[in-house]
Amino acid sequence: MLDLNFVRGNLELVEEKLRLRGADPAALLGNFRALDRSRRDAITQAEQLKALRNELSHQVGARKKAGQEAVALMEEIRALKDRLDILDKTAASLDEQMHLSLSSIPNLTRSEVPTGSSEADNLTVKTWGHKPKFDFEPKPHWELGEALGILDLDRAAKLSGARFAVYMGAGARLERALISFMLDLHTTRHGYTEVLPPFMVNSKSLYSTGQLPKFAEDLFRCSDADAEAVARGEFKDNDHWLIPTAEVPVTNLYRDEILDESRLPICLTAYTPCFRAEAGAAGKDTRGIIRQHQFQKVELVKFTRPQESDAEHERLTRDAEEVLETLNLPYRRVLLSTGDTGFSSAKTFDLEVWLPGQGLYREISSCSNFEAFQARRANIRYKAASPGAKGKSEFVHTLNGSGLAVGRTWLAILENYQQADGSVVVPTPLRAYMGGLERITR
RNA sequence: GGAGAGAUGGCCGAGCGGCUGAAGGCGGCGGUUUGCUAAACCGUUAUAGGGUCAAAAGCUCUAUCGGGGGUUCGAAUCCCCCUCUCUCCGCCA
């Protein structure tokens with residue numbers, strides 16, 4: 001969420017930034033000034049009446065204490081009530097509208113983000129590694145996996161439907177190895193603390209990180225959650241949704257807290273499954289396990305001081321890249337354009353891994369700097385500890401990135417490490433996690 | 001699932017109809033004292049939203065004592081509902 005004062009004072013800039021994203025400023029901010037004005041007028045009126053009521057009530061107290069009667073005063077106050085009731089309701093309703101309107105505005109992208117309307121305008125920042133050369137036609141992962149008996153999509157469909165996968169034998173072990181490998185790398189070499197959060201969260205948490213209210217249809221909702229209430233802007237702490245990413249529970253760890261500056265930056269890593277409804281993705285990536293309703297991910301999350309978030313963003317992206325480099329998977333780093341940058345993000349790098357079986361680069365990580373956008377929604381602040389500082393609390397900056405999407409790493413290994421006989425060589429760093437297995441064969 | 005107890009500021013903790021935005025302590029910040037450190041002492045220290053202001057500061061108003069509703073001229077304090085925490089019992093991986 002953007003700061004109300006900031007929007008009020010920089011309306012043209014905000015509208016311009018919205019246009020860069022391909023959003024419609026008129027739809028989002030068309031009545032901003034009018035709404036702002038009437039909201040403030042209503043609040044002023046209601047508060048003036050409350051001040052009067054409080055003053056008169058005080059007089060009642062004083063008279064009673066002095067042993068005088070106060071019937072007339074009490075009558076007067078009672079007479080205010082109807083008027084106050086209406087004013088209060090009006091003010092509350094306008095305030096709610098303002099909040100909902102503000103909650104629907106995406107974050108402002110940073111100036112270095114390339115202008116564009118879609119992923120076609122993303123900027124490739126760097127390319128790493130050598131694409132493997134094959135003296136045979138490389139196969140896509142679904143053919144390799146099914147032939148090796150380590151991936152069973154047909155039975156997954158029987159169990160759960162489309163867009164689910166069953167991993168068997170060395171396939172299951174490879175998935176588990178990747179999770180352990182990534183967590184170990186981030187905790188021992190990159191300084192992250194491991195977190196194992198709940199896989200279900202309440203709607204308040206999803207509001208804080210920006211998934212609600214706008215993107216409810218992308219989520220799996222448990223039966224105790226009320227999508228209509230969410231659409232009205234009611235976020236509860238006693239309903240449940242399946243997490244679409246560990247970003248949600250991990251970022252919300254410090255919701256409504258004031259952190260000590262000396263603790264920053266806080267760097268956390270978490271393995272979780274991720275559940276996505278993939279609404280609107282019908283017909284997209286239907287083959288293989290690129291796009292699933294459930295996939296595993298190791299996530300990186302940081303809480304930083306505002307002045308450090310840019311440098312920490314670079315560091316976090318490097319931490320994700322190092323997973324690919326250690327596994328020797330060719331990739332490129334892409335700076336997303338204004339049109340492709342996510343709702344809550346001010347700047348996002350995607351890492352795209354080379355998939356020889358399909359002959360293209362595919363997103364395997366997305367590393368974003370949300371600046372204070374999520375922190376403002378989640379009310380995560382820090383208090384300056386440095387001497388001389390005024391002790392005023394400020395919003396932290398939050399960042400996160402996949403380090404990495406495990407399912408896509410799994411399939412990237414199959415495609416990049418495949419052999420002419422259909423077997424797959426296990427990358428050296430994973431062998432210790434696979435009981436020494438060097439090659440997955442039929 | 002049943003029974004009971006509780007939820008107050010950065011933290012601990014008092015208050016149980018008006019004098020309470022909230023005692024006291026801890027912590028933080030500023031200062032005095034002091035070879036240094038420590039200690040002691042003094043002062044200060046919530047958040048959000050209105051109004052005023054060119055703006056900031058300041059001043060002022062409103063709201064906030066887990067969340068929501070109610071009673072009352074007036075609610076941290078009384079009543080109802082919900083959530084969470086703790087204790088005991090039951091069930092359970």
Side-chain angles (χ1 to χ4, degrees), chain A residues 1-10 35-103 196 198-205 207-208 222 224-226 229 232-240 252-264 372 375-396:
Chain A
M1 179 155 63
L2 301 178
D3 179 59
L4 173 59
N5 266 310
F6 179 86
V7 176
R8 191 180 286 150
N10 301 274
L35 182 57
D36 187 39
R37 188 68 264 159
S38 47
R39 169 182 169 273
R40 289 206 268 177
D41 288 345
I43 288 173
T44 304
Q45 286 183 46
E47 288 189 349
Q48 280 172 351
L49 210 55
K50 278 183 197 175
L52 176 63
R53 179 202 61 191
N54 290 349
E55 165 59 24
L56 294 177
S57 287
H58 216 73
Q59 287 179 26
V60 172
R63 292 185 70 96
K64 288 205 165 179
K65 190 165 236 172
Q68 301 168 300
E69 61 82 32
V71 180
L73 267 178
M74 282 158 68
E75 258 326 303
E76 194 181 336
I77 297 168
R78 224 180 315 233
L80 291 176
K81 260 196 157 166
D82 287 343
R83 217 156 31 106
L84 180 56
D85 234 40
I86 294 165
L87 282 171
D88 233 6
K89 286 210 167 72
T90 309
S93 149
L94 288 168
D95 191 57
E96 218 168 274
Q97 280 177 49
M98 178 55 97
H99 192 257
L100 206 56
S101 155
L102 220 47
S103 300
L196 185 67
F199 303 158
M200 288 191 247
V201 293
N202 57 38
S203 49
K204 264 191 190 152
S205 295
Y207 168 78
S208 295
C222 300
D224 59 357
D226 181 349
R232 287 195 303 270
E234 294 168 25
F235 306 105
K236 299 178 181 163
D237 53 17
N238 62 339
D239 55 355
H240 299 92
N252 274 279
L253 276 175
Y254 299 116
R255 167 147 56 88
D256 294 319
E257 292 192 32
I258 299 176
L259 305 167
D260 205 47
E261 186 177 19
S262 60
R263 292 178 63 190
L264 302 178
R376 198 172 287 116
R377 287 180 162 229
N379 190 27
I380 306 172
R381 293 169 293 166
Y382 76 98
K383 200 161 212 156
S386 48
K390 276 194 73 184
K392 177 88 178 161
S393 55
E394 241 189 294
F395 291 115
V396 298

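Below, chains carry the letters A, B, ... as their sequence lines are ordered, and counting in each starts from 1. Just so you know, these numbers come straight off a predicted model, no measurement behind them.
Put simply, CG on A/Asn379 is 11 Å from P on B/G49, counting in whole angstrom units. The distance between atom CD1 of A/Ile43 and atom P of B/G50, rounded to the nearest whole Å, is 6 Å. Following rounding to the nearest Å, A/Asp95 (CG) and B/U62 (C1') show an atom-to-atom distance of 12 Å. The distance from atom CD of A/Glu257 to atom C1' of B/U47 is 16 Å, rounded to the nearest whole Å. Regarding A/Lys65, its NZ atom lies at a distance of 19 Å from the P atom of B/C73, rounded to whole Å. Atom pair A/Lys236:NZ and B/G67:P shows a separation of 17 Å (rounding to whole Å applied). The interatomic distance linking A/Asn10 (CG) with B/A55 (P) rounds to 14 Å, in whole Å. The distance from atom NZ of A/Lys383 to atom P of B/A46 is 8 Å, rounded to the nearest whole Å.
A/Asp224 contributes no side-chain N or O that, together with a main-chain N or O of A/Asp239, makes up a donor-acceptor pair within less than 3.5 Å. In this structure, the side chain of A/Ser101 does not engage the main chain of A/Gln97 through any donor-acceptor pair within 3.5 Å.
Contact annotation: A/Arg376 does not reach the phosphate of B/A48 (side-chain N/O to OP1 or OP2, under 4.0 Å). Regarding contacts with the backbone of B/G74, every side-chain N or O of A/Arg53 stays at 4.0 angstrom or more from both OP1 and OP2. In this model, the phosphate group of B/U72 is not approached by any side-chain N or O of A/Lys64 to a distance below 4.0 Å at OP1 or OP2. At the phosphate of B/A63, OP1 or OP2 sits under 4.0 Å from a side-chain N or O atom of A/Asn54. Residue A/Arg39 places none of its side-chain N or O atoms closer than 4.0 Å to OP1 or OP2 of B/G49. The side chain of A/Arg8 places an N or O atom within less than 4.0 Å of a non-bridging phosphate oxygen (OP1 or OP2) of B/G50.
One can find a donor-acceptor pair under 3.5 Å joining the base of B/G49 and the side-chain atoms of A/Glu47.
A salt bridge links A/Asp36 with A/Arg8: at least one charged nitrogen is closer than 4.0 Å to a carboxylate oxygen. One finds no salt bridge joining A/Glu47 and A/Lys50 here, because no Lys/Arg side-chain nitrogen approaches an Asp/Glu carboxylate oxygen to under 4.0 Å. Between A/Asp85 and A/Lys81 there is no salt bridge, since no side-chain nitrogen of the basic residue lies less than 4.0 Å from a carboxylate oxygen of the acidic one.
Side chains of A/Arg377 and A/Asn379: no donor on one and acceptor on the other come within 3.5 Å. Using modelled atom types, one finds a donor on one side chain and an acceptor on the other under 3.5 Å when comparing A/Asn202 with A/Ser205.
Residue contacts for A/Ile258: at a heavy-atom cut-off of 4.0 Å it reaches the sugar-phosphate backbone alone, with no base atom in range. A/Leu80 comes within contact range of no nucleotide atom at all, as no heavy-atom separation falls under 4.0 Å.
Of all nucleotides present, only B/G58 satisfies the Watson-Crick or G-U wobble test against B/U52, with each distance under 3.5 Å. In a base pair of the Watson-Crick type (N1 to N3 plus N6-O4 or O6-N4) or a G-U wobble (N1-O2 and O6-N3), with each distance short of 3.5 Å, B/G74 is matched with no nucleotide. Base pairing annotation: B/A63 forms a Watson-Crick or G-U wobble pair with B/U47, both donor-acceptor distances under 3.5 Å. When both distances must be under 3.5 Å, the Watson-Crick or G-U wobble mate of B/C11 is B/G25. Of all nucleotides present, none satisfies the Watson-Crick or G-U wobble test against B/C16 with each distance under 3.5 Å.
With B/G51, B/C61, B/U47 as the candidates, the nucleotide lying closest to the side chain of A/Arg381 is B/U47. Of the candidates B/C73, B/G51, B/A63, B/C73 carries the atom nearest the A/Ser57 side chain, counting heavy atoms from C-beta on.
Going from the P atom of B/A57 to that of B/U72 covers 41 Å, rounded to whole Å. A gap of 13 Å separates the C1' atoms of B/U8 and B/A46, to the nearest Å. Using atom C1' as the reference point in both B/C73 and B/C11, the two lie 37 Å apart (nearest Å). Going from the C1' atom of B/C19 to that of B/C79 covers 26 Å, rounded to whole Å.
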